[in-house]
Every structure is written in C-alpha cells, then in structure tokens.
Amino acid sequence: MSPLDKDLGLYVHVPFCRRRCHFCAFYLEIARADRMALFHSALIQEISLYRRQEPLDGRALQSIYFGGGTPTALPARQLAALLTLIRATWPIDSTAEITVEAHPSSVTMRDLAVLADAGFNRISFGAESMVDKDFDSIGRFGRVQDTATAVQAARRAGFSNINLDLMYGLPGQSLQDWIYTLESLMTLAPSHISCYALTIEEGTRLAQDIARDLVLPPDDMLQIDMESEAERFLTEAGFSRYEISNYAKPDHVCRHNLLYWTGAEYLGLGPSAQSYLQGIRFGNVADLEAYAACLEGNRPPITERTILSASERQRDALVFGLRLLRGVPRKAITAAERDDQIDELISKGLLDADHDRVRLTSLGRRYADTVAEQLF
Ligand code: SF4
C-alpha cells in the first residue's frame, strides 16, 4: 500500500445551486441568501462540535474538498473564512490538495483571486460540454464560452491545477459534438479531466421527460463510442486514464478522489455528507433544516452509521479498487477466496491479471458494476 493510500481527507458539501440541472440528483437547494446563512452558521457549529470530539486524532489532512452543489454559490470571502477556520481546527499537511468546485458561469475574477489567496490550490469547473445546445438539453444555465473565460481567469488568479468535469451521452449529443468538446477544451490546458457518462437518476426532471417520451434515453452504444474516443483523444493529448472516469496529466491525479477508491479515511461536513473513519461509515442528514436543528442542539447531524465487518471492508476495497486502472493486488483477491469467479471473469475478457495485480480490461470497465456483483 502506498503512502497515498493512507491519506486523510475532509469533504465539505455546500448544497446550493442557482438552478437544478435536469439530470442532477444530488442533495441541494436553490441558492437563497437566508438558506445559505442558515447553512453557514450550522457548518461553523459542526466544525466546532468536531473540534471538541477530535475524531481525526490530531492527524494531518492531506486533502480538503469543497463540493456540492456549487460551493461558489457562497460568497468567496465566506469560503475563505471557512478554510481559515478549518486550518485553525485541524493540522493540514503542507502539500495538501485543497479543491473548490466552481460554476464557470457565475464565478468572478475577484472570487477566484480571493479563493487562491485563501489557499485553495485546485479548482474544479463543471464544464459539461462545449456545445451550447447540450446546455439547453440538460437545463444548465450559462453559455459554453463561460468555461474558457473562467479557466483563463483562474489561471490569472494563480490556479495551475484545474479540473474540468465533462458529461457524454447527453440528449441529442452526437459523437462529433463530443469530439468537438474534447478538442475545444485542449486549448485551455486543464491538468485533469473527468468524463462522466450520463446516467438517469430516479426522480430527476430528465427521468420524467424520458418516461413521458419527451426525451430519448441515453444510447448505450453511442456512450461506448464516446468513452473510447475520450480515452484515445486524451491519451494522445498527454493525459493518463487512472480511473474509469478520470484522466490526469503527470503528477495531477486527484488525491481526494483517491481517498474513496483506496479505502482511506475522510470526514464529511454539511447536509448529506458521507464519512468513513475507523471502519465506520456514517452520513449526515440530507435536509438543511434538520441538519441545522441537530447542531443547534449540539448533536451530530448523523442519520446513518454502519460498522463495517472485515469482509465488508475487503469487499469495498475490491469494488472501489477495481475502478482504478492499476487494479488491486492479486493477494487481495486470493484472500477473498474468489479465485473461481476471477478465473471465469478473466475467461470472459472482463478481467486481466498478472503475478501481482488484477484489473478490469477495457471491456470490463464498461461493466464494472456487473463484474463487482459477480465477485460478491
Ligand atoms: S450545477 Fe452541478 S450540482 Fe448543481 S444542479 Fe447542476 S449538476 Fe447538480
């Protein structure tokens, strides 16, 4: 296990967006000043509660990640002050990766300068596509050229580690549209790109539109072609695919993402945030009102808590570890006594193995969840 595998992270969920995209099932509210003020004061109370309980045992954080929602829905100075409070509460490794997600169409040059000055050293923009009609099809506000403006402004503000989130398989999106998006973004020289296949989540506007035959569901074969094209294009452009959906330039693998895939520990703050510490998974209530009420009463806003058994931890290590292109140590499979299943999956071309490690093949990556199910 590499030292990175032992990283400790902090995640802050900021549950606000200006508008909900049609495919989005995250816990969030439409940004309103009074709700954001309630969240901000409750979050400060949650940090203060954990300061007294010391669940991190004085260990230093190697990663801090403000996600959402849209963290930059909060004023940049408020985000800066929250990071200062976190620094005063927990030790932070001098090389820590400190990320903030931002919406390219609402963040300003001044915001970006405040965030960089505060110590955020990585920024993740939800670019999604570089074709305007794709924004319309998913109900996203803004215009595609906002991404270029925001990335250039972020660089001027001092950010050199810049991620762009993209989506493929959007309603009406062609393979040519997807290739155009990839080509257009290369001029912005991001250090990391995440490419997510559109999935239809129950209860979303998109799921309703598909059920009413207003929109076609994603075409599996087209998504496979788009995934292949992304891998080919980004590899040629100097990115390394290190996880099913993630590509990085050398030395820019996302440390925070790695926490989840390597069984490392993290504490989540904010409504709906998930945590994993000392073999226990726990999750905050996905309701701002209830979250704030718990903290007002000095109670942790936790609704679910699961103590993982040794075999559950082993299972998670395999399921998440297989998402990484480097795969998992072969001995982890042997210990799980799954040799027959592994051999069968290898014979079907879904897994690949050498003396030391087992990994998904490119075919296996398309069926990662099915492969994981067969293993357990
Ligand atoms: S901006 Fe992101 S978090 Fe907000 S609604 Fe759209 S997809 Fe969801």
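Computed from heavy atoms alone, side chains included, the values below leave out hydrogens, waters and symmetry copies. Counting starts at 1 for both ligands and their atoms, following the listed order. Fair warning: this is a prediction, and the values are worked out from it, not measured in the lab.
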Checklist entry - So, is the end of the Arg305 side chain (NZ or CZ) under 6.0 Å from the ring centre of Phe282 and within 45° of the ring's axis? => result yes

Checklist entry - Any idea which atoms of ligand 1 are less than 4.0 Å away from a heavy-atom of Leu28? => result 3 (S), 4 (Fe), 5 (S), 8 (Fe)

Checklist entry - Taking the six-membered ring where the residue is Trp, are the ring centres of Tyr11 and Phe66 under 6.0 Å apart? => result no

Electrostatic pair [X]:[Y] at N-O distance under 4.0 angstrom:
X      : Y      : result
Arg20  : Glu29  : no
Arg59  : Glu265 : yes
Arg232 : Glu229 : yes
Arg357 : Asp352 : no
Arg143 : Asp136 : yes

Next on the checklist: Please list the nearest protein heavy atom to atom 3 (S) of ligand 1 with its residue and the distance rounded to 0.1 Å.
Outcome noted: Gly69 N, 3.4 Å

Item to check | Tally of protein N, O or S atoms, where distance to atom 6 (Fe) of ligand 1 is under 2.8 Å | outcome: 1

